[in-house]
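Everything on this sheet refers to the single structure shown next.
Predicted model only: the values in this text are computed from it and were never measured.
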Amino acid sequence: MAKVSVKGTHPYDVLVRRGLLGECGKIFRQQDICGNVCIVTEETVAPFYLQTVQKSLVEAGYNVSSIVLKPGECSKNLMSLQQILSFLAKEGLDRKDTLVALGGGVIGDITGFVAGIYLRGIAYVQMPTTLLAAVDSSVGGKTAIDLPEGKNLAGLFWHPDLVITDLDCFQTLPFKVYRQGMAEVVKTAILAGGELFSLCEKATCDCDSDMLETMVTACVTYKAQVVESDFTEQGVRKLLNLGHTPAHVIEKRSGYTISHGEAVARGLYLMTAVAYVRNELSEETAERIFGLLDKEKFPDDMVCLAKEFAEEAQYDKKRKGDSISLILPEGIGNCVIKEVPITELEKLYDGAMRYLYERNNKSR
């Protein structure tokens with residue numbers, strides 16, 4: 001079993017191995033997690049894993065309750081937030097009790113948010129069931145819900161007490177959902193460079209469990225190092241938003257019919273192109289990044305117009321007055337934070353999108 005320890009003011013372990021959900025009760029006892037447990041999950045995950053987790057926790061002596069939400073981004077809102085909070089109050093959970101986020105990024109985000117505000121804060125454990133959540137949202141303590149005006153606009157930093165990643169969960173994922181997680185793996189590889197980027201270049205969609213464990217652990221290790229140095233995203237942690245500024249616009253403008261992973265992949269194409277047209281990235285390095293994205297067969301159409309990306313910048317969390325922070329790759333393993341005037345965004349995105357269009361036509 002791989003273990004990554006996230007240090008800082010609220011230290012916790014991330015455990016990675018096959019078969020961990022069936023052992024979660026024993027792990028909870030080893031980690032000194034006390035009180036009652038409430039599992040928050042959703043309708044597509046519950047039939048696969050809820051009974052396994054409940055059984056393990058009950059056998060370890062825990063009183064367990066559960067609430068099942070509708071699947072998808074549509075549940076990451078104020079209505080679901082109130083639904084969970086009311087459920088916890090009626091169940092009588094108190095400050096010594098623990099929530100479990102059993103699911104993908106949506107479940108992890110809203111469960112963490114609930115844990116941070118219920119009774120002014122209780123413990124929670126992340127059990128990511130998607131590759132995307134395992135390598136990204138389950139680690140780092142970012143919690144949020146969406147507002148009509150934009151994605152993740154209400155939230156707080158509330159770190160989990162434990163993350164349990166069972167690699168067996170990824171075997172039940174549809175290929176499209178698994179590939180969404182690879183978008184976050186590729187993002188991390190661009191940021192980290194080195195062995196992780198090389199590993200991604202070698203990896204195939206049916207990589208064996210050893211390679212998968214190595215890849216997930218490498219992603220978590222990189223993110224843990226960044227989070228430890230900047231828990232509340234005041235500086236270097238902003239780099240983890242690579243590709244996410246345009247991705248959130250794509251998600252919102254599509255009515256969340258485009259998944260987070262596919263939106264992030266489009267965002268990685270766009271930010272790489274932006275860096276290239278700004279002469280901050282060589283064509284050779286840009287093509288190596290594009291090649292990794294192409295290998296995973298991610299779409300590179302932006303869906304939105306350059307004008308729409310610029311218009312949405314006013315609702316982005318990374319906006320500061322008349323400028324916005326863009327994360328741009330200047331090399332593999334060398335990404336930087338650039339403050340760009342919002343008035344320049346439309347022209348900048350337009351040039352990058354033209355480049356991607358021309359590149360796409362050349363490859364046909």
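With salt bridges taken as basic N to acidic carboxylate O contacts below 4.0 Å, one links Asp136 and Lys223. Checked for salt-bridge contact, Glu23 and Arg17 meet the test: a charged N lies under 4.0 Å from a carboxylate O. One finds a salt bridge joining Glu251 and Lys151 here, because a Lys/Arg side-chain nitrogen approaches an Asp/Glu carboxylate oxygen to under 4.0 Å. A salt bridge does not link Glu213 to Arg18: none of the charged nitrogens lies less than 4.0 Å from a carboxylate oxygen. Comment: Arg288 does not engage Glu284 in a salt bridge, judged by the lack of any side-chain N to carboxylate O separation of less than 4.0 angstrom. Ionic pairing of Lys347 and Glu344 is not present here: no N-O contact between side-chain nitrogen and carboxylate oxygen is shorter than 4.0 angstrom. Using a 4.0 Å cut-off between a side-chain N of Lys or Arg and a carboxylate O of Asp or Glu, Lys252 and Asp146 do not qualify as a salt bridge.
For the pair Val185/Met215, a side-chain contact is recorded, criterion being any heavy-atom separation below 4.5 Å from C-beta on. Residues Val163 and Thr165 have side chains in contact (heavy-atom distance under 4.5 Å, counting atoms from C-beta outward). When side chains are defined from C-beta on, Glu42 does not count as touching Val106, because their heavy atoms never get closer than 4.5 Å. Taking 4.5 Å as the limit, some side-chain heavy atom of Pro329 sits within range of a side-chain heavy atom of Ile289. Within the 4.5 Å cutoff, the side chain of Leu268 has no heavy atoms near those of the Leu292 side chain. Leu239 is not listed as a side-chain neighbour of Val226, based on a closest heavy-atom distance of 4.5 Å or more. In this structure, the side chains of Asn361 and Tyr357 come closer than 4.5 Å at one or more pairs of heavy atoms. Within the 4.5 Å cutoff, the side chain of Leu240 has heavy atoms near those of the Tyr222 side chain.
Val40 and Leu119 fall within the same hydrophobic cluster, where Ile, Leu, Val, Met, Phe, Trp and Tyr residues are linked whenever their side-chain heavy atoms come under 4.5 Å apart, directly or through other members. The hydrophobic clustering, which links ILVMFWY residues whose side-chain heavy atoms are closer than 4.5 Å, places Val53 and Val114 apart. Hydrophobic clustering (side-chain heavy atoms under 4.5 Å, transitive across Ile, Leu, Val, Met, Phe, Trp, Tyr) groups Trp158 together with Leu78. Residues Val135 and Leu15 are members of separate hydrophobic clusters, defined by side-chain heavy-atom contacts under 4.5 angstrom among Ile, Leu, Val, Met, Phe, Trp and Tyr. When hydrophobic clusters are built by joining Ile, Leu, Val, Met, Phe, Trp and Tyr residues whose side-chain heavy atoms come closer than 4.5 Å, directly or via intermediates, Met182 is grouped together with Leu191.
Neither side chain, Thr217 nor Thr214, offers a donor N or O lying under 3.5 Å from an acceptor on the other. No side-chain donor-acceptor contact under 3.5 Å links Asn36 and Lys96. Checked by atom type, the side-chain pair His260/Glu184 shows a donor-acceptor distance below 3.5 Å. Under 3.5 Å, the side chains of Tyr49 and Thr172 contain a donor-acceptor pair of N or O atoms. Side-chain atoms of Thr143 and Asp109 include no donor-acceptor pair closer than 3.5 Å.
Paired with Tyr269 under the rule side chain to side chain donor-acceptor pair (under 3.5 Å), one option of Asp300, Asp301, Asp294 passes, and it is Asp294.
The two residues Ile332 and Ala189 have their closest heavy-atom pair at CG2-O, 4.4 Å. Listed here is the closest heavy atom pair of Cys24 and Ile164: CB-CD1, 4.1 Å. Among all heavy-atom pairs drawn from Val4 and Ala224, the shortest one is CG1-CB, 4.0 Å. Shown here for Gly19 and Asp166, the closest heavy-atom pair between the two residues is N-OD1, 2.8 Å. Scanning both residues, Gln54 and Ser66, for their nearest heavy atoms gives NE2-OG, 3.4 Å. Closest heavy-atom contact between Arg179 and Pro299: NH2-CD, 4.3 Å.
The structure places CD of Glu43 at 5.0 Å from NZ of Lys70, a figure rounded to the nearest 0.5 Å. Rounded to the nearest 0.5 Å, atoms CG (Asp94) and CG (Leu88) are 11.0 Å apart. Atoms CG and CG, from Leu345 and Asp350 in turn, are 12.0 Å apart once rounded to the nearest 0.5 Å. We find the CG-CG distance between Leu173 and Leu131 to be 7.5 Å, quoted to the nearest 0.5 Å. In this structure, the separation between CZ on Phe290 and OH on Tyr276 is 9.5 Å, given to the nearest 0.5 Å. For the atom pair Met127 CE and Ile107 CD1, the distance stands at 13.5 Å (nearest 0.5 Å).
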Evaluate His248 against Tyr315 for side-chain contact (heavy atoms from CB on, under 4.5 Å), listing each step before the verdict. CA-CA 10 Å; His248 290 168; Tyr315 299 115; over 6 Å; no
Carefully, step by step, assess Lys338 and Glu280 under the rule salt bridge (Lys or Arg N to Asp or Glu O under 4.0 Å). CA-CA 11 Å; Lys338 295 284 187 178; Glu280 294 172 356; 3.8 Å; yes
Determine, step by step, whether Glu287 and Arg359 satisfy the salt bridge (Lys or Arg N to Asp or Glu O under 4.0 Å) criterion, reporting the C-alpha distance in whole Å, the side-chain angles of both residues, the deciding distance to 0.1 Å, and the verdict. CA-CA 10 Å; Glu287 281 301 323; Arg359 176 185 178 274; 3.0 Å; yes
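Distance alone, capped at 3.5 Å, places no donor-acceptor pair between the Asn241 side chain and the His244 backbone. Distance alone, capped at 3.5 Å, places no donor-acceptor pair between the Arg319 side chain and the Ile324 backbone. Arg237 places a side-chain N or O within 3.5 Å of a backbone atom of Gly140 that can act as its donor or acceptor partner. Remark: the backbone N or O of Asn77 is not paired with any side-chain donor or acceptor of Ser80 at under 3.5 angstrom. A donor-acceptor pair under 3.5 Å is absent between the side-chain atoms of Ser5 and the main chain of Asp13, judged by distance alone. Checking side-chain atoms of Tyr118 against main-chain N and O of Leu93 turns up a donor-acceptor pair under 3.5 Å. In terms of modelled atom types and a separation under 3.5 Å, the side chain of Glu228 and the main chain of Lys7 share a donor-acceptor contact. In this structure, Arg95 contributes its side chain and Gly121 its backbone to no donor-acceptor pair below 3.5 Å. Of the possible polar contacts, none joining the Thr41 side chain to the Val45 backbone as a donor-acceptor pair under 3.5 Å is found. No donor-acceptor pair under 3.5 Å is formed between the side chain of Thr98 and the backbone N or O of Tyr124.
For the pair Arg253 and Phe309, the NZ or CZ position fails the cation-pi test of under 6.0 Å to the six-membered ring centre and within 45 degrees of the ring normal.
By the neighbour-count criterion of 12 heavy atoms within 6.0 Å, atom CD of Gln30 is densely surrounded, having more than that number from other residues, nucleotides or ligands. Atom OH of Tyr256 sits in a crowded spot, with more than 12 heavy atoms from other residues, nucleotides or ligands closer than 6.0 Å. Within a 6.0 Å sphere centred on CD of Glu195, heavy atoms belonging to other residues, nucleotides or ligands number 12 at most. More than 12 heavy atoms of other residues, nucleotides or ligands lie within 6.0 Å of NZ in Lys238, so this atom counts as buried by the packing criterion. Counted within 6.0 Å of CZ on Arg354, heavy atoms from surrounding residues, nucleotides or ligands total 12 or fewer; the atom is thus considered open. No more than 12 heavy-atom neighbours from other residues, nucleotides or ligands sit within 6.0 angstrom of CD on Gln51.
Between His159 and Phe157, the ring-plane angle classifies as parallel under the 30° and 60° cut-offs.
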